[in-house]
S.K.: 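Below: one structure in structure tokens.
Proteins come first, then strands; the chains are lettered A, B, ... in the order of their sequence lines, and each starts at number 1.
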Amino acid sequence: MTDSVALSPTSIKNALQSSAPISAILVQGWVRTRRDSKDFSFIELNDGSCLRNLQVIAGNTLSNYAMVQRLNTGASVAVRGALVESQGKGQNWELVTEEITIVGGSDESYPLQKKGHTAEFLREIAHLRPRSNLFGSVFRVRSRLAFAIHRFFQDRGFFYLNTPIITGSDCEGAGELFRVTTIDPNNAPRKANGEIDYGRDFFARATYLTVSGQLEAEAFASALSKVYTFGPTFRAENSNTSRHANEFWMIEPEMAFTDLGGNMDLAEELVKYLIHQIRDNSPDELALFAKFVDGELLARLDFVVDRPFQRTSYAEAVELLVKSGEKFEFPVGYGLNLQSEHERWLTEKHFKCPVTVFNYPKEIKPFYMRLNDDDRTVTAMDLLVPGIGEIVGGSQREERLEVLEKSMRRHKMNPTDYKWYLDLRRYGSVPHSGFGLGFERMLMFVTGISNIRDVIPFARTPGNAEF
RNA sequence: UCCAGCGUAGCUCAGUGGUAGAGCGGUCGGCUGUUAACCGAUUGGUCGUAGGUUCGAAUCCUACCGCUGGAGCCA
């Protein structure tokens, strides 16, 4: 800032954790609120390093005290002074100012008040909402959760794999795709029949944003044994719900020599590990969520971590639903998809804990899932959690060449379009399994935040790509 | 995309046919080691947009736009 503050800055998090007074310290941050006293002004300073603010005492002997008294919420300042034990209640330490530099002012139009705002309002000011207690906390936890995911897999011998974001496969059964093209829509090359000729597009074929890295991950699991992806995923579905976004992040582990049981074990272990990590490392943020977002959050997280998840086959789940006597809006029956209300009944009312449902009828699942010996079901698994529903979807993959080709034809796919994928079954094929964990859905579960748009920095949903 | 609900001050909301309100915020002043401070004053509006009904519409009707919740799709 100026040469009079040659100190290297200290984060507010570190300052508040100090075990002893510090005679000279420099902190930088944004003013959350200011209160005047007779001879000085209290400034609540936050730099995002932690939830808590540092109380700054700015005395009327400061040369720029008149400016300090006009500081608005939102302004940025650098403060040099002494960290001392606080005389007041509510904080252990406070900073007595020797010099304060107003870095960037703010005025009365700053939209964040020190009182609570609704999530809906803050969504409209997505560029400023990380300066609020709630959203600052959400995005600190988001970072922590991402770190925990890498740690979980790296500790277990998985290799981090970056699968392509631009993909040529358009038939993975995972929703609508966004097209990637450099063709000028007003001057597109045409085939004889008038259709656009994507063979003359940038990649000499039609290309899309990826909806899953699974197929590519299978190739690398067939070489490095255990891999995981963690990257952005795009779905062009016109979904308008609190748990769908068009751009989201997904974790997709893929393991060679692993069957459905091993797959379910890993998913359960991962979910529990992530809850533990956040429980241990983000206590202040969790306390805030418990207070303002979801009063039962901590009890639910502890409950989930403490006991094994329920596991039930699709057939058993259908039977439970039929016998429940519950009146459902949608019909229950073998061969029908489980509706949200059915999944919610299983996880929220019946088992009251996360539930893994496995072995679904082959008709309602994608082509790549391994056919069971009964010839009716495939080794699918969905992990359902209370409040959110499906958080993990996965399966053991079909590793038998002929069975896979047959399944492709049954799904009206042409096996010759998937030569490289089938090669994995031609050369050293092994039983292998994997799943997709929705990163944002996991974050919702851990924070209690009920809308996916509030756990993504700048969410993309239908009709909304501002910021 | 479908169903339902809601759009009133910067924010949260009240007002259901007869002169647009409150709290908070902001601004000014007072008081004060305060901490969602306190006390007083003050500022603030094309009632989402466009039509229609009516002597008269924030209020009733229609369409559109936006937001929220639910459904489908899935992570």
S.K.: Ignoring hydrogens and geometry beyond distance, is a side-chain donor-acceptor pair present between A:R397 and A:S395 at under 3.5 Å?
M.R.: yes
S.K.: With sugar-phosphate meaning primed atoms plus P, OP1 and OP2, does A:D36 contact a base, only sugar-phosphate, or nothing at under 4.0 Å between heavy atoms?
M.R.: base
S.K.: At under 4.0 Å between heavy atoms, what does A:R32 touch on the DNA or RNA strands: base, sugar-phosphate, or nothing?
M.R.: nothing
S.K.: Just checking A:F330: base, sugar-phosphate only, or nothing, at a heavy-atom cut-off of under 4.0 Å?
M.R.: sugar-phosphate
S.K.: Does the side-chain ring of A:F248 sit on the six-membered ring of the B:A75 base, less than 5.5 Å centre to centre and under 30° in tilt?
M.R.: yes
S.K.: Who is the Watson-Crick or G-U wobble partner of B:U19, with both distances under 3.5 Å?
M.R.: none
S.K.: Classify A:G393 by what it touches in the nucleic acid, base, sugar-phosphate, or nothing, heavy-atom distance under 4.0 Å.
M.R.: sugar-phosphate
S.K.: Can you tell me whether the side chain of A:E237 and the base of B:U1 have a donor-acceptor pair closer than 3.5 Å?
M.R.: no
S.K.: Between A:H117 and A:F121, how do the two ring planes meet: parallel, tilted or perpendicular, split at 30° and 60°?
M.R.: tilted
S.K.: Within the structure shown, what part of the strands sits under 4.0 Å from A:E120 by heavy-atom distance: base, sugar-phosphate, or nothing?
M.R.: sugar-phosphate
S.K.: Find out whether the Lys NZ or Arg CZ of A:R156 is both under 6.0 angstrom from the six-membered ring centre of A:F152 and within 45° of the ring's axis.
M.R.: yes
S.K.: Return the nucleotide paired to B:A71: Watson-Crick means purine N1 to pyrimidine N3 with N6-O4 or O6-N4, wobble means G-U with N1-O2 and O6-N3, both under 3.5 Å.
M.R.: B:U1
S.K.: Find the partner of B:G45: check Watson-Crick (N1-N3 plus N6-O4 or O6-N4) and G-U wobble (N1-O2, O6-N3) distances, both under 3.5 Å, and reply none if neither fits.
M.R.: none
S.K.: Quick one: is B:A75 close enough that its OP1 or OP2 comes under 4.0 Å of any side-chain N or O from A:T233?
M.R.: no
S.K.: Would you tell me if any nitrogen or oxygen in the side chain of A:R453 comes within less than 4.0 Å of OP1 or OP2 on B:C67?
M.R.: no
S.K.: Is it possible for you to check whether A:K352 lies under 6.0 Å from the centre of the six-membered ring of A:F303, through NZ or CZ, and within 45° of that ring's axis?
M.R.: no
S.K.: Taking only the side-chain nitrogens and oxygens of A:R123, find out if one of them lies under 4.0 Å from OP1 or OP2 of B:G66.
M.R.: no
S.K.: Within the 4.0 Å heavy-atom criterion, would you say A:S109 contacts the bases, only the backbone, or no part of the nucleic acid?
M.R.: nothing
S.K.: Just to be sure I understand the rule, does A:E94 reach a base, reach only the sugar-phosphate, or reach nothing, if contact means heavy atoms closer than 4.0 Å?
M.R.: base
S.K.: Side chains of A:S212 and A:E252: do they bring a donor and an acceptor to under 3.5 Å?
M.R.: yes
S.K.: Would you please confirm or rule out a distance under 4.0 Å between OP1 or OP2 of B:C3 and any side-chain N or O of A:N240?
M.R.: no
S.K.: Students often get this wrong, so: under 4.0 angstrom with heavy atoms, is A:G116 touching a base, only sugar-phosphate, or nothing?
M.R.: base
S.K.: Taking only N and O in the side chain of A:S340, is any of them less than 4.0 Å away from OP1 or OP2 of B:G72?
M.R.: yes
S.K.: Look through every strand shown and name the nucleotide pairing with B:C28 as Watson-Crick or G-U wobble, where both distances are under 3.5 Å.
M.R.: B:G40
S.K.: Quick check on RNA chain B: between A:R243 and A:H117, whose nearest nucleotide comes earlier from the 5' end?
M.R.: A:H117
S.K.: Check every strand shown and say whether A:S242 touches a base, only sugar-phosphate, or nothing at a heavy-atom separation below 4.0 Å.
M.R.: sugar-phosphate
S.K.: Is A:R35 near enough to B:A37 that one of its side-chain N or O atoms lies under 4.0 angstrom from OP1 or OP2?
M.R.: yes
S.K.: Please confirm whether the shortest side-chain N or O distance from A:S37 to OP1 or OP2 of B:U34 is below 4.0 Å.
M.R.: no
S.K.: Does B:C6 pair with anything, Watson-Crick or G-U wobble, both distances under 3.5 Å, and if so, with which nucleotide?
M.R.: B:G66
S.K.: NA contact type, A:R52, heavy-atom cut-off 4.0 Å: base, sugar-phosphate, or nothing?
M.R.: nothing
S.K.: Below the 4.0 Å mark, does B:C24 have OP1 or OP2 next to a side-chain nitrogen or oxygen of A:K114?
M.R.: no
S.K.: NA contact type, A:I251, heavy-atom cut-off 4.0 Å: base, sugar-phosphate, or nothing?
M.R.: nothing
S.K.: Select base, sugar-phosphate, or nothing to describe what A:E341 touches, counting heavy atoms under 4.0 Å on all strands.
M.R.: nothing
S.K.: So, is A:Q339 close to the B:G72 phosphate, meaning a side-chain N or O under 4.0 Å from OP1 or OP2?
M.R.: yes
S.K.: Examine A:F230 together with A:Y160 and report whether their ring centres are nearer than 6.0 Å.
M.R.: no
